[in-house]
Chemist: 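If you scroll down you'll find the structure; I have some questions about it.
Each chain gets a letter, A, B and so on, in the order its sequence line appears, and its residues count up from 1.
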Amino acid sequence: MSTVPEAPIRLTLEDDLKRSRLTVFFRLLLALPHFVWLFGWTVLAAFGAILNWLLTLIAGQPPTWLHNFLARYVRYATHVTAFVTLTANPFPGFTGAPGYPVDLEIAGPQRQNRWTVAFRAILAVPALLIASALAQSSSGRNSFSLSLLVACAVLAWFVSLARGRTSRGLRDAAAYALAYSAQTHGYLLLLTDRYPNSDPLAALPEVPERADPIAIEVGDDLRRSRLTVFFRLLLALPHLVWLFLWDVVAFFAALVNSVVTIIRGTSPDSLHRFLSAYLRYRLHVSAFLWLVANPFPGFVGAQGSYPVDLHIAPPERQNRWSAFFRWLLGIPALLLAITYGALAGVVALLGWFASLFTARMPLGLRNAGALALRYGAQTHGYLYMLTPSYPYAGPTREDRPRPTLGEAPASPFAPPAPAAPEGGPPSAA
Amino acid sequence: MTGASRRALPQRWRLLATTLALAAGASVWGLAAHLLWRSTVPSGLHLAHLGASHFFSHGFLQRSSSYARFQEITAVLATVVLLVVLVLYARRGHRLMRESAAGRIGTGMLLGMLGFALVWLAEVPFALVAVWWERRHHVSRQSYAAALLEGFAALGARFLFISLALAIAMGLAGVLRRWWWAVAAPAFVGLALLSTFLSAYLIPNTKPLGSPALRVDAGALARAEGVPRTRVLVQDVHRYTTAPNAEAVGFGPTRRVILWDTLLDGRFTRSQIRVVIAHELGHIAHGHLLRRVGWLALFLIPAAALVALLSRPRGGLAQPEAVPVALLVFVVLQLLAGPLLNVVSRHEEAEADWSALNATHDPAAARGLFVELARTSLADPDPPSWAYVLNADHPTIMQRLAMVSAWQQRQSLRAAELRPRAGPSHVTPRRRARAAAPPAPVTRRGCPTARALLPAARPPAGPHARRSGHRPRCPTV
């Protein structure tokens, strides 16, 4: 029996961020042979998957040859997707052999519970929903939905052409989407019975530590009240009404802030404080609504009042030209923020069901939601001239101390802890 | 004089002042109630007791009785469940404070909303049973899922309402302490007035009256009742119900009459629809919508004072712990006041019927309308006393028919007085003119929410949504 790595399907990254402008420009066309090959392989893999399902139901474990075949297929699909989406640079091979800069480590076949095998397609539905928000785009008659991966690819194309290298944030965000997609396909094809992990901090082999001017702090303990979860959308209504009113005022404040920043080169303290409070309140309400946090938030966006909080650095000098073109420069960030918003919505939907059943929010879903919220807050902060730093698209480990998991910040209205018994604890014999 | 007796003096003065204040308040309350109670229905009007079997078949009477009884019994059970839930919530609801990271007002809002949420959850089975019963009798076409979704959406509106109410009350309590109710009650009355004014814009799926003949009738009736240029609209409800109904909303420039399209589907004649329009115009002409705001004020001021008093053991409404208790007290007071408010409502509906008769001079159409309304909505023409006292916010069908007969009798007497006699006339020109003139409307103001033609129909989603068996009054809780 082969040894099982920490996660049965893990993404490895050996990419140096350099991109050849020539291959970037013609990337979609260069990938055409791979599309044809992948299509043929997919047809074979579909039959292989059905056969694998039957044999695993009978034997309780996938046959090694079929497991290896499907593992190669998933690896090859990941290589091609990484190439097309500019997550990696070199032209990939056609065999799915290990060694590509964006690669997968897939553990050998393991025994699997026959019940989970039998209902694998149904059990995979929630993971497929997240995977579609992360990695798959679709177009209908009157609509088009963009995934995080495709949005990163589009933006990376422009960045790579301009600079000859892609940005780490875009690369890491795309890698996160690829890792989750690979785990989902691996789960669906019975390569593993470990459910895909949506935690962005666990998806990548290395997550950078950053000290962004706008950073999120997550001190949530994952506990969720079933009652408030069930009525979450309705309970948020007063906040949504208040936020709408605040939006109107903040819009005009942001306009004034923009003009003053362009003239003075720095944001005035009063407007910076007001917009910071607005952004913080917006984050609190979004965290409550998307189940990233549990308690009902306050109405003033006070710092330190909520388990998912926003830290905003004081005003700093900003380049007047970047200030003048801020909204234009922010369009790519807005595009990514929209895709992250779709991810937050899917996370909230799945988290709703999970919280109702277990009274806890899964860590992976919570962290995925927090990532989406952090990016949204950074985007708004950038657009409102609170910071000149462009939003960072990838997962990060924030450089901020946070309470240990399980030690949530105490609510000022929490019932008092029971009094300690008189006489102190019993002494050891 | 000893120290104890010196301390007793201010206490005695305080007691005397309190007693005088209460007496003065009660007198003002009584005077206001007396002014609001005034009606154009003649005080000496005698309504004969008419037999229901004279107008309805035995089969219909049995069906309508069974239909209504089931609804009334489920309403009573739902009320019992409501009280049990609220009592439990009053005792333990403060534990949910740990689910809040907001300040005292935000936490209070959360507790208020969660109280409503628990009540809704407890009443879901009764709501589904009500839908089943109405569908079984072909009164409603709404699906169970749609009914649940409608209830859930309506709960959202209630959440916003309770959040606003608690924000005002708790905000005032934080500043004024135990006297918050003296300012909050008038503020809520002001909000009710605003809601009445805006209610015309909150009714969904309305369109202008299509029939030219009915438009002409509506214009003539509005002029006859002294409320010209009152718009008459039609609301699309046939997807949800087969029951006919109509309502009056708004006041001043927003006054409207809303007819359900189920009233215009051919089951009622033009003259019967004229009576309906005249009835609703009667509500507007006699200021019933604004009078209901007045009655609300008479209810709210003592109710708010009682809430303030009874929530003091929990620290008063300035503290979020008191919110579950305040919710219980308010709902209990509302339930206790329900039968009294029904008396007021029936009184006003009777005046609207009388006004319609005076405007249309068509008792046959009125009679036909009431009989047809009962048939199409399966209303019990003559319910038992307990159901009448608890639930009837309209006169019974038999009472309405009796009023038509009484009106006819009056008209006959009046005609006899005006008939020329052989000898010297005992009727002076002034007396003749007074006998011929129709009674003028008393006031010209409006009501908190819609005043409907019938109590039992089940309107679609919207701020005036009601469920059969549940008859929420003008301020919603």
Chemist: Which distance, rounded to the nearest 0.5 Å, do you find between the OG1 of A:Thr228 and the CG of B:Leu96?
Modeler: 8.5 Å

Chemist: So how far is it from A:Phe231 CZ to B:Leu155 CG, rounded to the nearest 0.5 Å?
Modeler: 6.0 Å

Chemist: Would you check if B:Leu118 and A:Leu227 make a side-chain contact, meaning some heavy-atom pair closer than 4.5 Å?
Modeler: yes

Chemist: How about CZ on B:Arg312, more than 12 heavy atoms from neighbouring residues, nucleotides or ligands closer than 6.0 Å, or not?
Modeler: yes

Chemist: Check each atom of A:Arg223 against the heavy atoms of chain B and say whether the ones under 4.5 Å are side chain, backbone, both or neither.
Modeler: side chain

Chemist: Between chain B and each of A:Pro295, A:Ser225, A:Gly298, A:Ala293, count heavy-atom pairs under 4.5 Å; write down the option with the most.
Modeler: A:Pro295

Chemist: I'd like to know which of A:Leu237, A:Leu235, A:Val241 tops the heavy-atom pair count under 4.5 Å against chain B.
Modeler: A:Leu235

Chemist: First locate atom OG of B:Ser163, then atom CH2 of A:Trp242, and finally report the distance between them rounded to the nearest 0.5 Å.
Modeler: 13.0 Å

Chemist: How far does CG of A:Leu233 sit from CZ of B:Phe152, to the nearest 0.5 angstrom?
Modeler: 7.0 Å

Chemist: Examine whether an atom of A:Pro297 lies under 4.5 Å from a heavy atom of chain B, and if so say whether it belongs to the side chain, the backbone or both; otherwise answer neither.
Modeler: backbone

Chemist: Does any non-hydrogen side-chain atom of B:Thr107 lie less than 4.5 Å from one of A:Phe296?
Modeler: no

Chemist: Side chain, backbone, both or neither: which part of B:Leu121 has a heavy atom under 4.5 Å from chain A?
Modeler: side chain

Chemist: Should we say atom CZ of B:Arg314 is surrounded by more than 12 heavy atoms from elsewhere, each under 6.0 Å from it?
Modeler: yes

Chemist: Using the salt bridge (Lys or Arg N to Asp or Glu O under 4.0 Å) criterion, which residues pair with B:Arg256? Sequence neighbours excluded.
Modeler: none

Chemist: So if I take each residue of residues 274-281 of chain A and look for any heavy atom under 4.5 Å from a heavy atom in chain B, which residues do I end up with?
Modeler: none

Chemist: Working to the nearest 0.5 angstrom, can you tell me the gap between B:Phe116 CZ and A:Leu234 CG?
Modeler: 12.5 Å

